[in-house]
Amino acid sequence: MSKTIIITGGAGFIGSHVVRLFVTKYPDYKIINLDALTYAGNLENLRDIENAPNYIFEKADILDKDALERIFKLYQPDGVIHLAAESHVDRSIASPLDFVYTNVIGTVNLLNTAKHFWKDNFEGKRFYHVSTDEVYGALGDTGFFTEETKYDPHSPYSASKASSDHFVRAYHDTYGLPIVVSNCSNNYGPNHFPEKLIPLFINNIITKKSLPVYGDGLYTRDWLFVKDHAIAIDLVFHKGKNGDTYNIGGFNEWKNIDLVKLLCSQMDKKLGNAPGTSEQLITYIKDRPGHDRRYAIDASKINKELGWKPSVTFEEGLSQTIDWYLQNEEWLKHVTSGEYKRYYEEQYKGEEG
Ligand code: NAD
Ligand code: DAU
């Protein structure tokens, strides 16, 4: 059955992989990429599909109610997949209000617009909110986040995402809006903006800059290849139960320092460096305030109910990711000019090893 779907944040890291998957897998769907093109949004991520007949780009801010109304009126969407957000924890520590505006108020604007346009007929409609495992807070050495884990966010980013999750569920409970939510672990892969650990360190190895590891480096994250997240989003959008939440994760925990050492060794091989060359760039720097010690997702619900599991090992996914960055140095150069330089200097000032 043909559908019209608005994907917000489709020019960003995960959003661009979701847009590509939907545009190529569902030629009878109309896919509208609604994105404000902030520093994190980049239409170069979608060059290969930008002329597809079922793809439309709309530059719009989810804070702009009039723009949302215009776009809903024009395209009459059956579904929304909402990924637009401010997504970087360190930026949220520096500028929390930006996260309240986009992640909380922007999400409520979008909910209001969907509710308004669908109000007499929720049949066949779906509002899918893409969220994060960070809303659950931090784990000790053992245990996993399940869909029932109590929310306990610690950073302004995770607090804003937790708030938006609550609003989405409140619109379901209060107004009957058909919703689904997923909470995913750390993604990695092509097109990841180089402010986040893996692409930042790949770029720094290429440009021979230090690798700034926060604190003792023993913080643990669960890493998932971005294309596997996009596949999970496709399944949850089409087959997830109305009103339900699905945790998505890689079953793949790494302490930061072990991950960085693996990355260094893969980079050394690909660059033809002597073993150990990149590791010499590792520099321990001051910790991130409120740094969550460990995240780990229990993804058994989506596995049992929807048959999803990650398709690549971390070593394979990381190798593909490095290859992509080495083959796309122009992309890297474009996104690391201008505003990025100012951000980098401010974030890591006085910390160069
Ligand atoms: P990203 O920062 O790479 O991309 C965000 C996109 O949203 C950009 O294209 C940006 O231009 C757009 N955007 C930002 N503010 C906007 C606004 N006001 N109006 C319209 N568009 C706006 O983010 P990402 O890493 O791709 O994350 C996408 C979503 O997935 C976010 O909601 C994030 O919380 C969630 N998530 C991310 C991860 C991860 O590891 N990256 C993991 C779990 C969940
Ligand atoms: O868990 C899902 C979340 O993963 C998403 O919701 C966020 O949008 C996404 O940014 C990511 O958040 P993290 O804070 O976990 O990702 P980041 O890449 O910023 O950091 C990963 C780990 O590496 C974390 O423990 C902090 C550490 N780190 C990060 C940077 C940027 C460093 O040690 N040095 C760094 O320079």
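Just the heavy atoms: all of them, side chains too, but no hydrogens, waters or symmetry mates, feed the values below. What you see is a predicted model, and the numbers here were worked out from it, not measured in a lab. In each ligand, atom 1 is the first atom listed, and ligand 1 is the first ligand listed.
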Open item on the list: Give the atom numbers and elements of ligand 1 that come within less than 4.0 Å of a heavy atom of Ala60.
Closed with: 19 (N), 20 (C)
Open item on the list: Are Phe193 and Phe13, when compared by the centres of their aromatic rings, separated by less than 6.0 Å?
Closed with: no
TODO: Please report which non-hydrogen protein atom sits nearest to atom 34 (N) of ligand 2, along with the residue it belongs to and the distance in Å to one decimal place.
DONE: Pro212 O, 2.8 Å
Open item on the list: Using every non-hydrogen atom in the two residues, find where Leu211 and Ser278 come nearest and quote the distance to one decimal.
Closed with: CD1-O, 3.8 Å
- [ ] Would you please indicate yes or no on a ring centroid separation below 6.0 angstrom for Phe22 and Tyr55?
- [x] no
Task: Among Asp133, Ile198, Leu218, closest by any non-hydrogen atom to atom 1 (O) of ligand 2 - done: Asp133
Open item on the list: Any heavy-atom pair between the side chains of Val130 and His82 that's under 4.5 Å?
Closed with: no
Task: Ser185 near ligand 1 by a heavy-atom separation under 4.0 Å - done: yes
Open item on the list: Residue-level breakdown please: for Lys161 versus ligand 1, do any non-hydrogen atoms fall below 4.0 Å on the side chain, on the backbone, on both, or on neither?
Closed with: side chain
- [ ] Look at atom 41 (N) of ligand 1 and find which of Thr8, Asn33, Ile14 reaches it with the closest heavy atom.
- [x] Ile14
TODO: Please determine if Tyr295 has a nitrogen or oxygen closer than 3.5 Å to a nitrogen or oxygen of ligand 2.
DONE: no
Task: Residue Val130 vicinity, atoms of ligand 1 by number, heavy atom under 4.0 Å - done: 30 (O), 32 (O)
- [ ] Measure the distances from the heavy atoms of Leu37 to every atom of ligand 1 and state whether one is below 4.0 angstrom.
- [x] yes
Open item on the list: I'd like to know whether ligand 2 has Lys161 as a neighbour, heavy-atom separation below 4.0 Å.
Closed with: no
- [ ] Could you tell me whether some N/O pair between Asn186 and ligand 2 is separated by less than 3.5 angstrom?
- [x] yes
Open item on the list: For ligand 2 and Tyr157, I'd like to know whether there is a polar contact (N/O to N/O, distance under 3.5 Å).
Closed with: yes
Task: atom 24 (C) of ligand 2 [closest protein heavy-atom partner, distance rounded to 0.1 Å] - done: His291 NE2, 3.4 Å
Open item on the list: Among all protein heavy atoms in this structure, tell me which lies nearest to atom 3 (C) of ligand 2, with the distance rounded to 0.1 Å.
Closed with: Glu134 OE2, 3.0 Å
- [ ] Would you check the N or O atoms of Ser87, main chain and side chain alike, for any that come under 3.5 Å of an N or O of ligand 2?
- [x] yes
TODO: Give yes or no for whether the N/O distance cutoff of 3.5 Å, strictly under, is met between Glu195 and ligand 2.
DONE: no
Open item on the list: Quick check: Thr38 and ligand 1, any N/O pair under 3.5 Å apart?
Closed with: yes
Open item on the list: Within ligand 1, which atoms have a heavy atom of Ser131 less than 4.0 Å away?
Closed with: 43 (C), 44 (C)
Open item on the list: Measuring from non-hydrogen atoms of Gly106 to any atom of ligand 1, is the shortest distance under 4.0 Å?
Closed with: no
Open item on the list: Polar contacts were defined as any N/O atom of the residue lying under 3.5 Å from an N/O atom of the ligand; does this apply to Val213 and ligand 2?
Closed with: no
TODO: Could you point out which residue of Asp292, Asn247, Asp152 forms a side-chain hydrogen bond (donor to acceptor under 3.5 Å, both in side chains) with Tyr136?
DONE: Asn247
Task: Phe167 atom CZ, over 12 foreign heavy atoms within 6.0 Å - done: no
Task: Side chain, backbone, both or neither: the part of Asn183 lying under 4.0 Å from ligand 1 by heavy atom - done: neither
Open item on the list: Counting only heavy atoms closer than 4.0 Å, does ligand 2 sit against the backbone of Ser158, its side chain, both, or neither?
Closed with: neither
Task: Proximal candidate to atom 21 (C) of ligand 2 [heavy atom criterion; set Leu197, Asp90, Val135] - done: Leu197
Open item on the list: Starting from atom 21 (N) of ligand 1, what is the nearest protein heavy atom, named by residue and atom, and what distance separates them?
Closed with: Ala36 N, 3.1 Å
Task: Numbering as shown, the atoms of ligand 1 that approach Asn186 to under 4.0 Å (heavy-atom distance) - done: 40 (O)
Open item on the list: Please state which option from Lys196, Gln347, Arg91, Arg288 has its nearest heavy atom closest to atom 19 (O) of ligand 2.
Closed with: Arg288
TODO: Consider ligand 1: state whether an atom of it lies below 4.0 angstrom from any non-hydrogen atom of Tyr157.
DONE: yes
- [ ] Distance to 0.1 Å, residue and atom name: give those for the protein heavy atom nearest to atom 28 (N) of ligand 2.
- [x] Tyr214 CD1, 3.4 Å
